[in-house]
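Scope of the values below: all heavy atoms of this structure, side chains included, with no hydrogens, waters or symmetry mates.
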Amino acid sequence: MSARPKAVVAWSSGKDSAWALHEVRQAAEFEVVGLLTTITDTFERVSMHSVRERLLDMQAAALELPCHKVRIPSPCSNEVYEARMEDALRSLVGRGVTEMVFGDLFLEDVRAYRVRQLQGTGITPRFPLWGRNTRELAQEMMRWPKDTPIIF
(Lines give C-alpha, C1' and ligand atoms only; values in the text may rest on other atoms or scores of the structure.)
Protein backbone atom coordinates (compact mmCIF):
# COMPACT_ATOMS: atom_id res chain seq x y z
CA MET A 1 0.00 0.00 0.00
CA SER A 2 1.39 3.38 -0.96
CA ALA A 3 1.50 6.30 1.45
CA ARG A 4 -1.12 9.01 1.16
CA PRO A 5 0.00 12.33 -0.35
CA LYS A 6 1.15 14.86 2.24
CA ALA A 7 -0.90 18.03 2.59
CA VAL A 8 -0.80 21.30 4.48
CA VAL A 9 -3.85 23.43 5.18
CA ALA A 10 -3.75 27.12 4.35
CA TRP A 11 -4.79 28.21 7.83
CA SER A 12 -6.58 31.52 8.24
CA SER A 13 -7.47 30.59 11.83
CA GLY A 14 -11.14 30.82 10.87
CA LYS A 15 -14.03 28.40 10.54
CA ASP A 16 -13.69 27.77 6.80
CA SER A 17 -10.08 26.58 7.01
CA ALA A 18 -10.97 24.58 10.13
CA TRP A 19 -13.87 22.87 8.36
CA ALA A 20 -11.73 22.22 5.27
CA LEU A 21 -9.22 20.48 7.57
CA HIS A 22 -12.05 18.48 9.12
CA GLU A 23 -13.33 17.39 5.71
CA VAL A 24 -9.96 16.28 4.36
CA ARG A 25 -9.26 14.36 7.55
CA GLN A 26 -12.66 12.67 7.27
CA ALA A 27 -11.99 11.72 3.64
CA ALA A 28 -8.52 10.42 4.59
CA GLU A 29 -7.27 11.01 1.04
CA PHE A 30 -4.30 13.02 2.30
CA GLU A 31 -2.04 12.91 5.32
CA VAL A 32 -2.30 16.41 6.78
CA VAL A 33 1.16 17.26 8.05
CA GLY A 34 0.80 20.91 8.98
CA LEU A 35 -0.75 24.33 8.72
CA LEU A 36 0.54 27.24 6.65
CA THR A 37 -0.23 30.71 7.98
CA THR A 38 0.85 34.23 7.16
CA ILE A 39 1.81 36.32 10.20
CA THR A 40 2.02 40.10 10.08
CA ASP A 41 5.20 40.50 12.12
CA THR A 42 4.56 44.06 13.27
CA PHE A 43 1.39 43.01 15.08
CA GLU A 44 2.17 39.32 15.77
CA ARG A 45 -1.19 38.39 14.30
CA VAL A 46 -2.53 36.10 11.59
CA SER A 47 -2.74 38.31 8.55
CA MET A 48 -6.15 37.10 7.39
CA HIS A 49 -8.23 37.39 10.59
CA SER A 50 -5.92 39.29 12.93
CA VAL A 51 -5.90 36.44 15.47
CA ARG A 52 -3.05 36.78 17.95
CA GLU A 53 -0.08 34.55 17.22
CA ARG A 54 -0.33 33.07 20.71
CA LEU A 55 -3.86 31.86 19.95
CA LEU A 56 -2.67 30.49 16.60
CA ASP A 57 -0.03 28.49 18.45
CA MET A 58 -2.73 27.13 20.76
CA GLN A 59 -4.86 26.13 17.75
CA ALA A 60 -1.92 24.30 16.17
CA ALA A 61 -1.13 22.53 19.45
CA ALA A 62 -4.77 21.45 19.89
CA LEU A 63 -4.76 20.13 16.32
CA GLU A 64 -1.42 18.40 16.94
CA LEU A 65 -0.03 19.94 13.75
CA PRO A 66 3.05 22.07 13.20
CA CYS A 67 2.34 25.57 12.00
CA HIS A 68 4.57 26.86 9.21
CA LYS A 69 4.54 30.62 9.61
CA VAL A 70 5.24 32.98 6.74
CA ARG A 71 6.26 36.27 8.30
CA ILE A 72 5.52 39.47 6.44
CA PRO A 73 5.98 43.15 7.31
CA SER A 74 3.25 45.76 7.51
CA PRO A 75 2.66 47.20 5.05
CA CYS A 76 3.65 44.39 2.69
CA SER A 77 4.01 44.62 -1.06
CA ASN A 78 2.72 41.80 -3.21
CA GLU A 79 6.30 41.16 -4.36
CA VAL A 80 7.51 40.61 -0.79
CA TYR A 81 4.47 38.44 0.04
CA GLU A 82 4.96 36.25 -3.03
CA ALA A 83 8.72 35.88 -2.43
CA ARG A 84 8.16 34.77 1.17
CA MET A 85 5.41 32.37 0.11
CA GLU A 86 7.68 30.96 -2.59
CA ASP A 87 10.34 30.25 0.06
CA ALA A 88 7.76 28.56 2.29
CA LEU A 89 6.43 26.45 -0.58
CA ARG A 90 9.93 25.37 -1.54
CA SER A 91 10.53 24.29 2.07
CA LEU A 92 7.25 22.35 2.16
CA VAL A 93 8.04 20.57 -1.11
CA GLY A 94 11.39 19.63 0.40
CA ARG A 95 9.45 17.94 3.20
CA GLY A 96 7.38 15.92 0.75
CA VAL A 97 4.24 18.08 0.70
CA THR A 98 2.34 17.74 -2.59
CA GLU A 99 -1.10 19.16 -1.68
CA MET A 100 -2.39 22.40 -0.17
CA VAL A 101 -5.93 22.57 1.19
CA PHE A 102 -7.88 25.83 1.10
CA GLY A 103 -11.15 26.71 2.81
CA ASP A 104 -12.29 28.95 -0.05
CA LEU A 105 -15.97 28.80 -0.92
CA PHE A 106 -16.80 30.99 -3.88
CA LEU A 107 -14.41 33.86 -4.75
CA GLU A 108 -13.26 32.94 -8.27
CA ASP A 109 -10.46 35.52 -8.39
CA VAL A 110 -8.96 34.28 -5.12
CA ARG A 111 -9.11 30.67 -6.27
CA ALA A 112 -7.53 31.57 -9.62
CA TYR A 113 -4.72 33.43 -7.82
CA ARG A 114 -4.01 30.44 -5.58
CA VAL A 115 -3.97 28.04 -8.52
CA ARG A 116 -1.68 30.36 -10.47
CA GLN A 117 0.74 30.80 -7.55
CA LEU A 118 1.04 27.05 -7.04
CA GLN A 119 1.67 26.24 -10.70
CA GLY A 120 5.07 24.69 -11.15
CA THR A 121 5.76 24.33 -7.43
CA GLY A 122 4.94 20.64 -7.14
CA ILE A 123 1.98 21.43 -4.87
CA THR A 124 -1.59 20.87 -6.03
CA PRO A 125 -4.33 23.16 -4.64
CA ARG A 126 -7.38 21.44 -3.13
CA PHE A 127 -10.69 23.16 -2.38
CA PRO A 128 -12.94 20.75 -0.43
CA LEU A 129 -15.56 23.42 0.36
CA TRP A 130 -15.62 25.04 -3.08
CA GLY A 131 -19.08 25.92 -4.35
CA ARG A 132 -20.87 24.74 -1.23
CA ASN A 133 -24.03 26.55 -0.29
CA THR A 134 -22.97 28.68 2.68
CA ARG A 135 -26.27 28.36 4.49
CA GLU A 136 -26.18 24.57 4.23
CA LEU A 137 -22.52 24.51 5.23
CA ALA A 138 -23.20 26.63 8.33
CA GLN A 139 -26.11 24.37 9.27
CA GLU A 140 -23.89 21.31 8.85
CA MET A 141 -21.30 22.87 11.15
CA MET A 142 -23.93 23.72 13.76
CA ARG A 143 -25.46 20.21 13.64
CA TRP A 144 -22.15 18.59 14.51
CA PRO A 145 -22.82 16.60 17.70
CA LYS A 146 -21.44 18.48 20.63
CA ASP A 147 -20.29 15.28 22.33
CA THR A 148 -18.43 14.05 19.22
CA PRO A 149 -14.94 15.41 18.72
CA ILE A 150 -14.28 17.07 15.42
CA ILE A 151 -11.17 15.54 13.98
CA PHE A 152 -9.37 18.72 13.14
Side-chain angles (χ1 to χ4, degrees), residues 1-40 45-72 81-152:
M1 182 177 162
S2 64
R4 294 178 295 159
K6 291 182 179 180
V8 294
V9 174
W11 190 255
S12 68
S13 72
K15 68 186 177 319
D16 295 342
S17 59
W19 201 257
L21 170 60
H22 170 66
E23 291 214 349
V24 297
R25 281 189 164 173
Q26 288 281 82
E29 181 179 350
F30 310 118
E31 176 190 359
V32 179
V33 296
L35 309 173
L36 179 69
T37 305
T38 306
I39 299 290
T40 304
R45 292 179 179 261
V46 175
S47 301
M48 182 62 68
H49 291 304
S50 219
V51 168
R52 292 183 190 280
E53 189 172 358
R54 194 174 89 226
L55 179 55
L56 167 68
D57 292 338
M58 292 167 61
Q59 288 177 327
L63 296 169
E64 299 179 344
L65 290 170
C67 186
H68 308 279
K69 298 174 184 177
V70 178
R71 296 190 174 280
I72 60 172
Y81 170 80
E82 288 177 358
R84 299 222 176 142
M85 285 300 290
E86 186 177 323
D87 289 344
L89 295 173
R90 200 172 12 259
S91 174
L92 291 169
V93 168
R95 297 174 189 188
V97 172
T98 60
E99 317 290 324
M100 185 173 301
V101 177
F102 295 94
D104 296 315
L105 293 160
F106 53 81
L107 296 176
E108 294 279 351
D109 57 331
V110 172
R111 180 182 171 131
Y113 176 80
R114 296 188 197 293
V115 169
R116 192 169 52 252
Q117 293 307 113
L118 289 176
Q119 284 178 342
T121 65
I123 297 178
T124 302
R126 302 294 179 179
F127 300 89
L129 306 181
W130 186 256
R132 297 272 306 269
N133 177 293
T134 55
R135 178 175 293 203
E136 292 171 8
L137 183 59
Q139 289 170 344
E140 180 182 338
M141 290 175 184
M142 291 171 27
R143 276 194 309 271
W144 190 262
K146 294 188 182 4
D147 60 345
T148 305
I150 295 177
I151 38 180
F152 291 129

Check your understanding: Looking only at heavy atoms, which two atoms of G34 and L65 are closest? And how far apart?
Key -> N-CD2, 3.8 Å
Check your understanding: What pair of heavy atoms forms the shortest contact from F102 to P125, and how long is it?
Key -> CE1-CB, 3.8 Å
**Study point:** Set of residues satisfying side-chain hydrogen bond (donor to acceptor under 3.5 Å, both in side chains) with respect to R71, sequence neighbours excluded
**Key:** D41, E53
**Study point:** All salt bridge (charged side-chain N to carboxylate O under 4.0 Å, His left out) counterparts of K6, not counting sequence neighbours
**Key:** none
**Study point:** Student check: side-chain heavy atoms of V32 and V24 closer than 4.5 Å
**Key:** yes
Exercise for review: Taking side-chain hydrogen bond (donor to acceptor under 3.5 Å, both in side chains) as the test, write out the residues that go with D57, two or more places apart.
Suggested key: K69
Exercise for review: Determine yes or no for a side-chain-to-main-chain donor-acceptor pair under 3.5 angstrom, with S47 supplying the side chain and T40 the backbone.
Suggested key: yes
Exercise for review: Could you list the residues that satisfy ring-ring contact (aromatic ring centres under 6.0 Å, His included) with F30, not counting sequence neighbours?
Suggested key: none
Practice item. Please list, chain by chain and in numerical order, all residues satisfying salt bridge (charged side-chain N to carboxylate O under 4.0 Å, His left out) with R126, sequence neighbours excluded. Key: E99
Practice item. Identify the two heavy atoms, one from L118 and one from T124, that lie closest to each other, and give their separation to 0.1 Å. Key: CD1-C, 4.5 Å
Practice item. Calculate, to the nearest 0.5 Å, the distance between atoms CG and CH2 belonging to L137 and W19 respectively. Key: 7.5 Å
Review point. Do side-chain atoms of S13 reach the backbone of V51 as a donor and acceptor pair under 3.5 angstrom?
Key: no
Review point. Taking the six-membered ring for Trp, are W130 and F127 parallel (under 30°), tilted (30 to 60°) or perpendicular (over 60°)?
Key: perpendicular
**Study point:** Partner set under side-chain hydrogen bond (donor to acceptor under 3.5 Å, both in side chains) for E140, not counting sequence neighbours
**Key:** R132
